[in-house]
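Remember, predicted model here, so these are calculated numbers, not experimental data.
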Amino acid sequence: MRERLERLIAEMVDRGILFEDAVSAFERAFIDRVLERHEGNLSSAARELRIHRNTLSRKRAEQKLRR
């Protein structure tokens, strides 16, 4: 896992992707995956992410996720 992450980071740095864009893309993909696992159920996804349901709802809106 660590090696894959380091390769991904190296690729993003080499491509000139900005830190803010990388963090946003990671957050979006991570949240989307957890929401998929919980079939869009915000409460159970928030528990797995260990964040408040309202925080997840806000992040979902910010990232324009549909689930």
Rounded to the nearest 0.5 Å, what's the gap from CG on Asp21 to CZ on Phe26? Could you check? 15.5 Å

Are Leu42 and Arg60 side-chain neighbours, meaning at least one heavy-atom pair lies under 4.5 Å? yes

Quick one: does any side-chain atom of His38 pair with a main-chain N or O of Gly40 as donor and acceptor, under 3.5 Å? no

Does any pair with a residue in residues 46-57 pass salt bridge (charged side-chain N to carboxylate O under 4.0 Å, His left out), and if so which ones, sequence neighbours excluded? Arg37-Glu48

What residues form a side chain to side chain contact (heavy atoms under 4.5 Å, CB included) with Arg2, not counting sequence neighbours? Glu6

When rounded to the nearest 0.5 angstrom, what is the spacing between CZ in Arg28 and NZ in Lys59? 13.5 Å

Just how far is it from atom CZ of Arg58 to atom CD1 of Ile51, taken to the nearest 0.5 Å? 8.0 Å

Ile9 reachable from Ile17 in the ILVMFWY side-chain graph, under 4.5 Å edges: no

Are Leu8 and Phe19 linked, directly or through other ILVMFWY residues, by side chains that come within less than 4.5 angstrom of each other? no

May I have all residue pairs that pass salt bridge (charged side-chain N to carboxylate O under 4.0 Å, His left out) and include part of residues 9-19, sequence neighbours excluded? Glu11-Arg15

Begin from the C-alpha positions of Leu56 and Leu35 and carry the test side chain to side chain contact (heavy atoms under 4.5 Å, CB included) through to its verdict. CA-CA 10 Å; Leu56 177 56; Leu35 283 168; 4.2 Å; yes

dist Glu62:CD -> Thr55:OG1 (nearest 0.5 Å) comes out at 9.5 Å

CZ (Arg33) with more than 12 external heavy atoms under 6.0 Å: no

